[in-house]
Amino acid sequence: MQEYSSQAAYDRGEAVCVIGAGASGLIAVKNLRENGFEVDCYERDTVLGGLWNPQNQHSPLYPNTHLVTSRSQTEIPDFPMPDDWPDYPSAAQMLAYLTSYAKHFGLSEHIWYGSEISHVEPVEGSRFEVVVKPAAGNAARRLRYAAVIIATGHHWAPNLPSYPGLDQFRGTVLHSSQLKDPSRLRGKHVLVVGGGNSGADIACEAAVNAASCVHSVRRGSWHLPKYLGGEPADYALARLNSRPKYLRRFLTDRLLKGPARLAARMGVAADGSPSEEEPVRNGRYMEHVGDGSIQRRGEIARFDGFDAVFVDGSEMRPDLVVLATGYRPKFTSVEPRLLGIEGDSPYPKLYARMFSPRMETLAVAGLVEPGVGVLPIVHWQTHAIAHWLLVRKSDPERAANFRLQVRSEAEQDTARPAGSSPRHQLAVDAEEYLASLGRIIDTLEQEPAK
Amino acid sequence: MSLAAWVRRARTPAPAPVKREYAFFEPADLFDMDVKDDPEASPVLCCTGDPAGASAFNALWLKRIATTGRYAAAVSVRGQGGTPAAEGGLEARAHDLVQAAVTVPRQTVLIGHKEGAAWAALAAGRYPAAGLVLVSPQKVPKQPPTPVGGPPVLIVVAESETQSKEVQAVAAAYGTAPLTFAGSPDDVFKGAGAEGLLDAILSWLARKD
Ligand SMILES: Cc1cc2nc3c(=O)[nH]c(=O)nc-3n(C[C@H](O)[C@H](O)[C@H](O)COP(=O)(O)OP(=O)(O)OC[C@H]3O[C@@H](n4cnc5c(N)ncnc54)[C@H](O)[C@@H]3O)c2cc1C
Ligand SMILES: NC(=O)c1ccc[n+]([C@@H]2O[C@H](COP(=O)([O-])OP(=O)(O)OC[C@H]3O[C@@H](n4cnc5c(N)ncnc54)[C@H](OP(=O)(O)O)[C@@H]3O)[C@@H](O)[C@H]2O)c1
C-alpha cells in the first residue's frame, strides 16, 4: 500500500462513510443524518443521481428511458413525488426528483464529488480506513470511519455474451448502456439481444425508428403491461397482497389472464407460472410484435462476416447489434470476502441482503432486484442500517441477539431457489423481503428491556 | 412512519390530485436590508381549518415569519380558499399538506391551526418535518402517528382552551405541556392576540434551530 500517501489517516471519529451518490447513497445519507450520524459521502462522478443522471459518465440510460415501476410504488416513502406527475415518470423527472430530495434535506454539503473510493480496509477491530483515489496531481486521501455503507449500484459493468465470429463481425456492436442517442437507430437494420426490460424497451424504440428490428431472446420471460384492470400494473398486483390468502391466487390469476393469453399468442411467455423473476414491464412491446415491427428470434449461434446466424439456422444482416444482456455486479474497493463473495460468482452473500457477514459495521444498500420499485426498499434498508448502528453502540446485548436474528433471516432467504438464470441472484420476492425488513426494524426499535 | 403503515398506504388509492393554492413570502420579498435569508433556519409551512385557507396567513403571519430570515409559506387544502374541492377526508387533506411540504425548498416546519393541526399531525407521520406546531388543535386522531424523524413538537392553545378534554388529549399524546396565548382561538390571524401567539412560536423556533 506504499502508493498511498504516507500521511497518517484523518480520523473521522464516529462518522459514517457512504460510497456513491446515486439514489441509494442519497437515501442512506438522509436516513443516517436523521438518526444523528455525521456522514461523508463519496461520489466518483461530478454529479448526483447515479444512473438516472445522463451527465454521469457511466450512465446506462438509453433513448426515452421511463420508469417501469409506477410513481406510487417507486417514490421514497417519506418524500413523495409530485402528485401531478404521470404514472410512469421519465428518467429526467426521476433525476429532478432525486435532485430535489438532496436539496430538501441539505445532502449536498455532505457529498464529496470527483472522489472515487479505491480501497476500504478494516482497521482497529470494527473501524475502516477508506482511501480516496487521488485526482490528477494530488496525493491520495486516507480517512477513518466507524462504519461504511456501500451504495455503488450494480448497473455499471456490462454483461457481454461471446459468440463465435463476433470479433470479425462487420457491423456495429453496442451494449445497451452505450446506445444513448436514438439517432443511432435511424434507418438501420437492428438486432436487439436480450429479453429483459432494456431489451424490450430498445426493441420498441427500434420498432418505430429503425428500418427493421429483430429481437433475439434465448428463452421466454414474464411480461406485464404497464396497466392492469385500469390501474398501474405494479400497484394493482401489490394491492392484491392485502387480500386474504385464499382469494389472492384467484384474483391474481384473473388479473393476469388477459396478458398471459396475449403473451402466449405472441410466443413470448415464460415456461411455468409467474415467479419472483423480475417481469418485463412494457405496454408497447406486444403491439409491435403484433404488427410485425418487432420480429422475434431465438438465440444467436454465431456471427459470420456481415451476418448473424441463429440457432435455428436462419440468418440476417444487421447494421447494428444492441446487446441488452444486462450487467454484472462489481465491487472493486473492498475485499470480496467481506461481502461474502466466494469462488467465481461475482454475487455477494449478505445477511438480509445488506449486512456484511464478516464485519458488523459494513453494509450494502440497494443490492436487490425486488421486481418492484427499488427506492422504497432502500429507504427501509438504510433505516434498518442506521438503527442497527445505533443499537450496536448503545446496547451490545441486544446487538448480539439481533445478529442471530439476521443470520436466521438470511438462512431462510437462501433456502429458496433464486430464479433460473445467474442474474437472478439479486432477485427477491418483494413481499417476503419487506416482511423480513419489517421484522428486523421491529427488533431494532423495541425499547431496550430495563 | 412504520414500514407496515407505508405498505398499507402504498396499496390504498391515492387521493385525486388537485391544483393547490399557495401563499408565500421570502425574506428577500421584504426589501429590508436588515433581514437576511438564514440558510440555517428551517422554512415554515402553515395551514388552517379556516375556510379562507392560505390567504388567512397573508395579513400578518407570512411577513412576520420571513422577518426572522425564514421562507414562509401557507397552503389551501382541497375545498379551501382557491383550491378546488375534491373527494377525501382527513387523509386527503394530510396528503395535500405533504405534497405542499415537498415543494418547499428545504425541510420545513409544519404549523397547523384548528383542524389544520390534525392535517399537520398526520402529515408529520409521513414526512420528516423540521418541527411540528399545533395551534388550538381540533379533530386530531386519538393516537396520532409518531412523527417521522423525531421533530420537536409545540402545542399552543388559547387560555380558554387549557381545560378542554380535546387539548389535554393531544398534549398527552405528544407528551408535552401546551403553551398558552391570550385571545381567542378563532382570532389568530391579526390583532394583539395574534402577535403574541406568533412571537411565542417564533421564539420557540429560534430555540429549536
Ligand atoms: C435502465 C434502467 C432502468 C431502471 N428503471 C427502474 C425503475 O423503473 N424503477 C426502479 O425502481 N428501478 C429501476 N432501475 C433500478 C435502479 O438501479 C434503481 O432505481 C436505482 O437507481 C439504483 O440506485 P443506486 O444508487 O443503487 O445505484 P446507481 O444509480 O448506480 O448509483 C451508484 C453511484 O455510485 C457511484 N460509484 C460507483 N463506484 C464508486 C466508487 N468506487 N467510489 C465512489 N462512487 C462510486 C456511481 O458513480 C453512482 O453515482 C433501473 C435501472 C436501469 C439500469
Ligand atoms: N425502463 C426501466 O425502468 C428499466 C429499463 C431497463 C432496465 N431496468 C432495470 O435494470 C436492470 C437491468 O435490466 P436489463 O434489461 O439491462 O438486464 P437484465 O434484466 O439482466 O436482462 C438481461 C437479458 O439478457 C439476456 N442474456 C444475458 N446473457 C445472455 C447471453 N449470453 N446470451 C443471450 N442472452 C443473454 C438475459 O437472458 P436470461 O434471462 O436467460 O438470463 C436477459 O433476458 C433490471 O433490474 C431492470 O428492471 C429498468
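Here is the naming used below: chain letters follow the sequence lines, and residue numbers restart at 1 for every chain.
With hydrogens and angles left out, the side-chain atoms of B/T162 and B/T180 include no donor and acceptor closer than 3.5 Å. Using modelled atom types, one finds no donor on one side chain facing an acceptor on the other under 3.5 Å when comparing B/E21 with B/T83. Side-chain contact annotation: A/Y227 with A/D87, donor-acceptor N/O pair under 3.5 Å present. Using modelled atom types and a 3.5 Å distance limit, the side chains of A/N35 and A/H383 yield no donor-acceptor pair.
Neither the backbone nor the side chain of B/A4 comes within contact range of chain A; no heavy atom of the residue lies under 4.5 Å from a heavy atom of that chain. When heavy atoms are compared at a cutoff of 4.5 Å, A/F79 approaches chain B by way of both its backbone and its side chain. Of the atoms belonging to B/T108, it is backbone heavy atoms, and not side-chain ones, that fall under 4.5 Å from chain A. Of the two parts of B/P13, the backbone and the side chain both hold a non-hydrogen atom closer than 4.5 Å to a non-hydrogen atom of chain A. Looking at B/A130, there are no atoms closer than 4.5 Å to chain A (heavy atoms on both sides), in backbone or side chain. Looking at B/R9, only its side chain comes within 4.5 Å of chain A, counting heavy atoms on both sides. Of the atoms belonging to A/L240, not a single heavy atom falls under 4.5 Å from chain B. B/Q107 touches chain A through backbone and side chain together, each having a heavy atom under 4.5 Å away.
Taking the six-membered ring where the residue is Trp, A/F105 and B/Y127 present tilted rings, their angle falling between 30° and 60°. Ring planes of A/F355 and A/W388: perpendicular class, angle over 60° (limits at 30 and 60°).
Between B/A74 and B/F57, the closest heavy-atom pair is CB-CD1, 3.6 Å. Between B/H113 and B/T48, the shortest heavy-atom distance links the atoms ND1-OG1, 2.8 Å.
Of the residues considered (B/H95, B/Q99, B/R126), B/Q99 shows the highest number of contacts with chain A, using heavy-atom pairs under 4.5 Å. With chain A as partner, the option from B/G125, B/P39, B/S2 having the largest number of non-hydrogen pairs under 4.5 angstrom is B/S2. By number of non-hydrogen pairs under 4.5 angstrom with chain A, the leading residue of B/R20, B/K19, B/R8 is B/R20. Your options are B/V7, B/V18, B/T12, and the one with the most heavy-atom pairs under 4.5 Å with chain A is B/T12. With chain B as the partner, the residue from A/P82, A/S100, A/A238 showing the most heavy-atom pairs under 4.5 Å is A/A238. Highest contact tally toward chain B, considering only A/D83, A/D78, A/D442, is held by A/D83 [criterion: heavy-atom pairs under 4.5 Å].
Under the 6.0 Å distance and 45° angle rule, A/K226 counts as a cation-pi partner of A/Y88.
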